[in-house]
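The figures that follow rest on heavy atoms only: side chains count, while hydrogens, waters and symmetry mates do not. The shown structure was predicted, so the numbers you read here are calculated from the model rather than taken from an experiment.
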Protein chains: 4
Amino acid sequence: MARIIDISKMERVKETAIQMVVEKGYGGASIATIAKKAGVAEGYLYRFYKGKEELVVDLLCNKVNEIADELELLLQRCNRVADVVSLLVKKIFQIAENNPDHIKFLYVLMHDYNFKIGDRERERIFKLCREIKNIGSNSGEIGEFITEEDIYMLVNIFPIQFINLRIKNFFGNKSWDNTDKEHIIEIIIKTLKA
Amino acid sequence: MARIIDISKMERVKETAIQMVVEKGYGGASIATIAKKAGVAEGYLYRFYKGKEELVVDLLCNKVNEIADELELLLQRCNRVADVVSLLVKKIFQIAENNPDHIKFLYVLMHDYNFKIGDRERERIFKLCREIKNIGSNSGEIGEFITEEDIYMLVNIFPIQFINLRIKNFFGNKSWDNTDKEHIIEIIIKTLKA
Amino acid sequence: MARIIDISKMERVKETAIQMVVEKGYGGASIATIAKKAGVAEGYLYRFYKGKEELVVDLLCNKVNEIADELELLLQRCNRVADVVSLLVKKIFQIAENNPDHIKFLYVLMHDYNFKIGDRERERIFKLCREIKNIGSNSGEIGEFITEEDIYMLVNIFPIQFINLRIKNFFGNKSWDNTDKEHIIEIIIKTLKA
Amino acid sequence: MARIIDISKMERVKETAIQMVVEKGYGGASIATIAKKAGVAEGYLYRFYKGKEELVVDLLCNKVNEIADELELLLQRCNRVADVVSLLVKKIFQIAENNPDHIKFLYVLMHDYNFKIGDRERERIFKLCREIKNIGSNSGEIGEFITEEDIYMLVNIFPIQFINLRIKNFFGNKSWDNTDKEHIIEIIIKTLKA
DNA sequence: TATGAATGAGCCTTCATTCAT
DNA sequence: GATGAATGAAGGCTCATTCAT
């Protein structure tokens, strides 16, 4: 019988790819470097992906879906927008704490005109934002002029922006603590009420 | 008599560079294409910049400073945060309307870990945000827990995010109108008050 | 008890290899594709051949020998050159009709400087041509200045060229019929007489 | 002013490309090797051709047209098929004597299913063959059943086949002399008469 | 015996940069 | 000052081949 696929191998490649894209940008992350760092042959990833782009797109979609999954879960469990927002933002911070590269990866590619996420993901996000809106409209937590778009920007992009500003050390203040998290959550919740 | 340097030449190169970076990404924007489109020799830009990266960094700084300049001007003229925010956001929308590529350029490179803007620019932005804060603290337009960082995110990043979400057609709604602008301005002003 | 080797397996590989070489050229016919199409593991053929080249060379020799076998048979059975030529050419046409790929394969590799057939095959062909010459000299069907080389070119290469010119649709006329076959045979026989 | 294009450089590349294709086949002739042998940078040829294929196709067409040009010239000057054939075959031999690689190149690529010559060239050749036919029909040098296709095979392919058989040392007899040339010419002329 | 996961040399191509003119 | 011919390192990718199972 032939050798069994070493699952950890491709995992290593994926992790390294995320690292390199974050560090050097999509263009700067070469297959050769990724493979070497992952301890894998250059041609290895082509057994699983058609090419570099397919790999990165897949990683991006996974990351987006990971957050969407969490949001979906929270929407099932919580019946107040405040809780949903609070827990989602904490989840995002948690990702940033455990895997800073993952949140940086998301940050970098979300803003790259060459890596739009798929229509399916976009529609899913839209629906989830609408659900938040519905809950908030009923509970009075969301103002009548707040759109799904606003919700997306506040609940998803805003925390990611904050985290990356901190990682980039943009205003000199490194990292973050619980106070920062609560601060961000409060701003979001208040703004939604507007 | 020495020939006068054709000032417009380098301008053409810069404009084309912005266009190409937006269209094809940093990696995809080749010097050869830029030079050809600008009607300039391939080697031309090396008389002014060390290389491609230096050129792009310079363009990014210019763009950032352009907005900072506007903000500085508004701070001199206005004595209410509401006016500053309103006029600045309108200015950003204006740039997006007259030169969509410029706002896309800013959007793309602001979020690229390979293109951090210089310390000087960052400090300048920080000071301007502090000035907004001071005005707002006095006039009661800015809540006591709002930081310079929050102001930066709300006043600068938020509108740029909105515009690009629309350009990307993220939620299906193309472009924007005055109602959208007022909507964004209102959200920002209300959030600052929080 | 040892398992019996599945003879048809290697046969399938060989047939597929011929197909792929014809379709994509030697370089374009990848072992992976051949193996997959033949329903065999990629590493399978290495139990029988040193590598891709050896396989293809072997196939070429087989094909050459197949025609030589036929010629040998005809020489035993016929005592007129006209019959030998007629039947051999018809045989070649028959191969082209039943297995167009085989005749294309022969055509392509016969003319590739990287795939000379072995000395043994060449000598065999030479001897067969000499035999034709001998018969023709005695029967008056072959002119005194016609060499073995001429015979080879007329009797073997000429029909193969004709067939491939037609397959390639070189002069717009697709395929061939019995009239074409008789036409080619007649030209060959008349030329030999010269 | 910028440097002037060194015309001989591209000539060297072309010549080397022909050599390498003959020696190693199209697939085996790598750009790196060609460039190195031609004393030129690897990227050089991409200033003139889109890629390897375009280069080789161009070389093939040039070679085909060179022979077509000669044939056209001969048709203007001669009024007997015998003369046309004799001079054309001698021309082909001459090419083989001066540039053996060129005739080998033609031989190899004419028989490669991946390198069909353009429609324009094919039609041109067809017309030239028809012209030969017309002349021969009038002068009685060409039999009534001989087609343009036959003429093409006899006048063009036949000599090229002969030359390459000799170069390949197929029947042990190296090279050729004037007697060989006359022999081939005679066969062709006699066959056409049939 | 047969498999097919894994390799890595080598392919074609691009393009930022240099420098003779 | 300005040009653009020429470079060659580096990129993404393919695929014949190997070998643990």
Side-chain angles (χ1 to χ4, degrees), chain A residues 1-7 9-10 27-36 39-55, chain B residues 2-6 9-10 27-36 39-55, chain C residues 2-6 9-10 26-36 40-55, chain D residues 1-7 9-10 27-36 39-55:
Chain A
M1 280 302 135
R3 254 173 298 170
I4 283 155
I5 295 184
D6 183 350
I7 297 178
K9 240 176 186 171
M10 199 55 214
S30 81
I31 296 294
T33 316
I34 292 171
K36 195 181 238 176
V40 150
E42 260 183 75
Y44 182 74
L45 80 87
Y46 294 92
R47 295 183 53 72
F48 303 87
Y49 293 100
K50 268 192 184 168
K52 183 179 162 179
E53 186 171 331
E54 204 179 278
L55 165 66
Chain B
R3 229 183 314 164
I4 289 161
I5 297 179
D6 184 350
K9 236 175 185 175
M10 201 55 215
S30 81
I31 295 292
T33 316
I34 292 171
K36 198 179 203 177
V40 151
E42 271 181 66
Y44 182 75
L45 77 86
Y46 291 89
R47 299 195 52 70
F48 302 90
Y49 294 101
K50 266 192 184 169
K52 185 178 164 181
E53 186 171 332
E54 205 179 278
L55 165 67
Chain C
R3 227 181 316 165
I4 289 161
I5 296 177
D6 183 350
K9 235 175 185 176
M10 201 55 215
Y26 176 76
S30 79
I31 296 292
T33 316
I34 292 170
K36 197 178 205 177
V40 151
E42 271 181 68
Y44 182 76
L45 77 86
Y46 291 90
R47 300 194 51 71
F48 304 88
Y49 294 100
K50 267 191 185 170
K52 184 177 162 182
E53 186 171 331
E54 203 179 280
L55 165 66
Chain D
M1 280 303 137
R3 256 172 297 170
I4 283 155
I5 296 184
D6 183 349
I7 298 177
K9 241 175 185 172
M10 199 56 215
S30 81
I31 296 294
T33 317
I34 292 171
K36 194 180 237 177
V40 152
E42 259 183 76
Y44 182 75
L45 80 85
Y46 294 91
R47 296 184 51 74
F48 304 89
Y49 293 99
K50 268 192 184 168
K52 183 178 162 180
E53 185 170 332
E54 203 179 279
L55 165 66

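Under the 4.5 Å side-chain criterion, counting only non-hydrogen atoms from C-beta, B/E54 is not in contact with B/F48.
One atom, CE of D/M10, and another, C1' of F/dA6, lie 13 Å apart when rounded to the nearest Å. Protein atom CD of B/E54 is 15 Å distant from nucleotide atom P of E/dA16, rounded to whole Å.
With rounding to the nearest 0.5 angstrom, the CD atom of B/E53 is 11.0 Å from the NZ atom of B/K50.
Looking at residues two or more places apart in sequence or on another chain, you find a side chain to side chain contact (heavy atoms under 4.5 Å, CB included) between D/Y46 and D/I31. Under the side chain to side chain contact (heavy atoms under 4.5 Å, CB included) criterion, D/A35 pairs with D/E42, sequence neighbours left out.
The shortest distance between the side-chain N/O atoms of A/K9 and the OP1/OP2 oxygens of E/dT7 is below 4.0 Å.
In this structure, C/K52 satisfies the cation-pi test against C/Y26, with its NZ or CZ atom closer than 6.0 Å to the six-membered ring centre and inside 45 degrees of the ring normal.
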Tabulate protein N/O versus nucleotide N/O from nucleotides 13-17 of chain F, keeping only pairs under 3.5 Å, one per line.
residue : atom : partner : partner atom : Å
F/dC13  : OP2  : A/Y46   : OH           : 2.9
F/dC13  : OP2  : A/K52   : N            : 2.9
F/dC13  : O5'  : A/Y46   : OH           : 3.4
F/dC13  : N4   : A/E42   : OE1          : 2.7
F/dA16  : OP1  : C/K52   : NZ           : 2.9
F/dA16  : OP2  : C/I31   : N            : 2.5
F/dT17  : OP2  : C/Y46   : OH           : 3.1
F/dT17  : OP2  : C/K52   : N            : 2.9
F/dT17  : O4   : C/E42   : OE1          : 3.1

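In this structure, A/G39 and C/R47 both approach DNA chain E, and ranking their closest nucleotides by distance from the 5' end singles out C/R47.
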Its dot-bracket string being built from Watson-Crick and G-U pairs below 3.5 Å, with | for another strand and [ ] for crossing, DNA chain F has the pattern .||||||||||||||||||||
